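Report on the following structure.
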Amino acid sequence: MKQTNQIYVLRCLALTIIAGLITSTFSMAQNARIKIDIDRQIGEINNNIYGNFVEHLGRCVYGGIYDPESPYADENGIRLDVLEAVKDLNIPLLRYPGGNFVSNYHWKDGVGPRDKRPPRMELAWARLETNQFGTNEFVDYARRIGTEPYFAVNLGTGTIEEAQQWVEYCNVKEGPYYAELRKKHGYAEPHNIKYWSLGNEMDGFWQMGHLNAEDYSKKAREAAKLMRLTDPSIKLIATGASNFRPNNDPHEWNATILSELKDVVDYIALHMYVGNHQDNYYNFVSSPLVLEERTKVVKGMIMREMEKADRGNRDPVYIAWDEYNIWYRWRQEETMTGERALEERYNLEDALVIGGFLNAFIRNADIVKMANMAQLVNVIAPIFTEKDGMFLQTIYYPLQLFANNMFGTSLDVFVDCDTYDTDEFYLGLAEQTTQQKNVPYLDVSAAYNDGEIIITVINRHKDKAIATDLFSQEGLFNGEFEVFEVNGPDIKSENDFGKTTVKTTQKASLNINKASSFTYEFPAHSLTMIKGEITQ
């Protein structure tokens, strides 16, 4: 009888231990996991992925960065309040002057004495182009904000000779006619514009001077020839696919461009605009994953063409996402043209999507070496003005956080968290449909920079904070970790004049003493950046 009691006690004890182990395992399983390994490297992050875009469209230039009638303008007509906000974005590369605008823009109209510059009908966005702001004004502006100018040439109604002459005007020190003309205009030293796009969205039927892939390749190749003969040091960007309508084949366009121009160009430009016109939050915040899918498809095309390319000692072709953004509210006819075109107002869910795009660029840092969010001021932009003031839109804050912190080497991060499936949905107006499976609630990227780790986490969950265990597979987390959070009261929160409901907040630092892991709870509908040291 005594032996039976002992066996019973031992069985109960064993069951208790097993139950405890199960409970402990279940409790641990409740936390999401992020594993960081500084040896699992994707590629160097090129700062040019934090670029932006200025087009002669609506109030981006006139009434945005340049507004002589504003009380905030200096003697050159530049709005100083906007200038300071732009500086804080730490923009490395600024694309100009379009966009659809460039396909009927002739750069000679915008140089020389202002009183002699001809006003022109602006056919892309139905407004008058006064040409009071042109090449030299833009270069002056770029220098003031510490950014590299990136010019797009007119391969719509323009000629290859016109493109060559613009390079001569900007980059040749002295001697030929257009270099001397620049000097007469007050610029003794060349502008040395490094990046030049061979047209804009030439695959789109809406583009003035639209061409098929074969004809565009011929024109781009000859323009590139003349431009490089003028300045061999320039970098050239080919027009990749922008037409992702359901009945179009953008992959065929990209394949042709890469096949024909693989020896010529340095980048292929891709464009993407998304929206939430169906008002489905979870569908919408998954949309950057489609940009990532398209990136991987084009990367495969590039790898195939590079096997056959003759590029000498030049780098392989890279991807430039030189237009991306959220644009769907102002896409009706009456809101797409004229003096106040495309003046989208953004909310918190928009900011999370922009953060998702930036995370995607980081995760593909080996192939994505340039990106330009369209655009800078007023027109689908992070900065919004009126004559008597300005405010920072919600999308300003993820752009600012990334561009001031996310540098170094991109890491391949392991993420284990709950997932969800989307409906089939349109990515945006004039876009294809998608259905995303197993979308992780946590969207993560990480960078390692000279002993410092920077981890950016978007919690896509609308209602639930997600407790997460973060592990270092190589080295220890150590010291004070700064924590920054972009968030707001709810997903529809917007900013306005005198009202900032969505912004970056610096949270309490984490003090970690040589630990291989720590736990953090990422709030619902938030973007969080954690930044600190890993010691070996």
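All values reported here derive from a predicted model rather than from experimental measurement.
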Cation-pi check, Arg182 to Tyr187: give yes when NZ or CZ is under 6.0 Å from the six-membered ring centre and within 45° of the ring axis, no otherwise.
-> no
Any idea how Tyr420 and Tyr441 line up, ring-wise: parallel (<30°), tilted (30 to 60°), or perpendicular (>60°)?
-> tilted
Approximate separation, where rounding is to 0.5 Å, of Asn90 CG and Asn47 CG = 8.0 Å
Flag for His525-Tyr281: side-chain donor and acceptor within less than 3.5 Å | no
Trp321 side chain reached by Ile49 side chain, heavy atoms, under 4.5 Å | no
Please check if the side chain of Ser70 supplies one atom and the backbone of Tyr72 the other of a donor-acceptor pair under 3.5 Å.
-> yes
Side-chain (Thr157) to main-chain (Ser103) donor-acceptor, under 3.5 angstrom = yes
Will you find, in the side chains of Asn200 and Ser197, an N or O donor that is under 3.5 Å from an N or O acceptor?
-> no
Looking only at heavy atoms, what is the nearest atom pair of Ile257 and Ser217, with distance?
-> CD1-OG, 3.5 Å
Determine whether the side chains of Glu349 and Asn276 contain a donor N or O and an acceptor N or O closer than 3.5 Å.
-> yes
N/O donor-acceptor pair under 3.5 Å between Glu137 side chain and Gly134 backbone | yes
Minimum heavy-atom distance Thr239-Met202, with the two atoms named = CG2-N, 3.2 Å
Asn495-Thr394 side chain donor-acceptor pair, cut-off 3.5 Å = no
Start with the C-alpha distance between Glu386 and Arg340, add both sets of side-chain angles, then the distance that settles salt bridge (charged side-chain N to carboxylate O under 4.0 Å, His left out), and finish with yes or no.
-> CA-CA 11 Å; Glu386 295 291 358; Arg340 298 194 71 114; 2.7 Å; yes
Return yes if a side-chain donor-acceptor contact under 3.5 Å exists between Asn48 and Lys369, otherwise no.
-> no
Do the ring centers of Tyr267 and Tyr150 come within less than 6.0 Å of each other?
-> no
Are side-chain N/O atoms of Glu122 and His56 paired as donor and acceptor at under 3.5 Å?
-> no
Mark yes when over 12 heavy atoms from residues, nucleotides or ligands other than Lys387 sit less than 6.0 Å from its NZ; otherwise mark no.
-> yes
Scan side-chain atoms only and decide if Thr433 and Glu424 contain a donor-acceptor pair under the 3.5 Å cut-off.
-> yes
Do we see a donor-acceptor contact under 3.5 Å between the side chains of His271 and Asp322?
-> yes
Around atom OH of Tyr282, are there more than 12 heavy atoms of other residues, nucleotides or ligands at under 6.0 Å?
-> yes
Please report the closest heavy-atom contact between Asn487 and Ala524, naming both atoms and the distance.
-> ND2-O, 3.3 Å
Step-by-step salt bridge (charged side-chain N to carboxylate O under 4.0 Å, His left out) determination, Glu293 to Lys296 = CA-CA 5 Å; Glu293 291 169 5; Lys296 293 182 186 302; over 6 Å; no
Interatomic distance, Arg114 atom CZ to Thr130 atom OG1 [nearest 0.5 angstrom] | 9.0 Å
Value for CH2 (Trp166) from NE2 (His191), rounded to nearest 0.5 Å, stands at 10.5 Å
Flag, side chain of Gln393 to backbone of Tyr346, donor-acceptor distance under 3.5 Å | yes
Using a cut-off of 6.0 Å, state whether more than 12 heavy atoms not belonging to Lys108 lie near its atom NZ.
-> yes
Distance-minimising heavy-atom pair for Ile362 and Ser410 = O-OG, 2.5 Å
So with a 6.0 Å cut-off around CD of Gln332, is the heavy-atom count from everything else above 12?
-> yes
Would you indicate whether Gln432, at its atom CD, is surrounded by more than 12 heavy atoms from other residues, nucleotides or ligands within a distance under 6.0 Å?
-> yes
Ser445 vs Met406 side-chain heavy atoms within contact, under 4.5 Å | yes
Answer yes if the side chains of Asp203 and Ser242 hold a donor-acceptor pair under 3.5 Å, and no otherwise.
-> yes
Under 3.5 Å: donor-acceptor pair, side chain of Glu344, backbone of Arg329 | yes
Flag, side chain of Asn347 to backbone of Ser493, donor-acceptor distance under 3.5 Å | no
With side chains defined as the heavy atoms from C-beta onward, is the minimum distance between Met373 and Phe53 less than 4.5 Å?
-> no
Criterion side chain to side chain contact (heavy atoms under 4.5 Å, CB included) against Cys170, the qualifying member of Asn136, Ile234, Thr135 = Thr135
Hey, can you tell me if Trp327 and Tyr273 have their rings parallel, tilted or perpendicular (30° and 60° cut-offs)?
-> perpendicular
What is the distance from atom OG1 of Thr295 to atom CG of Asn364, rounded to the nearest 0.5 Å?
-> 5.0 Å
Minimum side-chain heavy-atom gap Asn359-Pro288 below 4.5 Å | no
Is there a donor in the side chain of Tyr62 and an acceptor in the side chain of Glu129, or the other way round, less than 3.5 Å apart?
-> yes
Taking it one step at a time, do Asp279 and Lys492 satisfy salt bridge (charged side-chain N to carboxylate O under 4.0 Å, His left out)?
-> CA-CA 10 Å; Asp279 196 20; Lys492 300 298 184 183; 2.7 Å; yes
Given ring-ring contact (aromatic ring centres under 6.0 Å, His included), test Tyr169 with Trp107 step by step and report yes or no.
-> CA-CA 10 Å; Tyr169 182 90; Trp107 67 268; 5.0 Å; yes
Can you list the steps and then say if Asp67 with Arg59 is a salt bridge (charged side-chain N to carboxylate O under 4.0 Å, His left out)?
-> CA-CA 9 Å; Asp67 189 0; Arg59 296 191 304 126; over 6 Å; no
Residue pair Ser287 / Val353: nearest heavy atoms and the distance that separates them = OG-CG1, 4.0 Å
If you take all heavy atoms of Leu57 and Val379, which pair is closest and at what distance?
-> O-CG2, 3.1 Å
Got Ile78 and Tyr66 here, is their nearest side-chain heavy-atom distance under 4.5 Å?
-> yes
Is a donor on one side and an acceptor on the other found under 3.5 Å between the side chain of Thr147 and the backbone of Ala142?
-> no
Neighbour count above 12 (heavy atom, 6.0 Å) for Glu69 CD | no
Between OH of Tyr141 and CD1 of Ile145, what distance do you get to the nearest 0.5 Å?
-> 5.5 Å
So do the side chains of Asp418 and Leu442 get within less than 4.5 Å of each other, counting heavy atoms only?
-> no
Centre of Phe284's six-membered ring, under 6.0 Å away, within 45 degrees of the axis: is that where NZ or CZ of Arg460 sits?
-> no
Less than 4.5 Å apart, any side-chain heavy atom of Val368 and any of Arg363?
-> no
Rounding to 0.5 Å, atoms NZ (Lys116) and CG (Asn131) come to a distance of 15.0 Å
Any side-chain donor paired with an acceptor under 3.5 Å for Asp423 and Asn280?
-> yes
With a 4.5 Å heavy-atom cut-off, do Pro149 and Tyr96 have their side chains touching?
-> no
Tell me yes or no: between the side chains of Gln207 and Asn100, is some donor less than 3.5 Å from an acceptor?
-> yes
Do you see a donor-acceptor pair shorter than 3.5 Å between the side chains of Asp88 and Gln400?
-> no
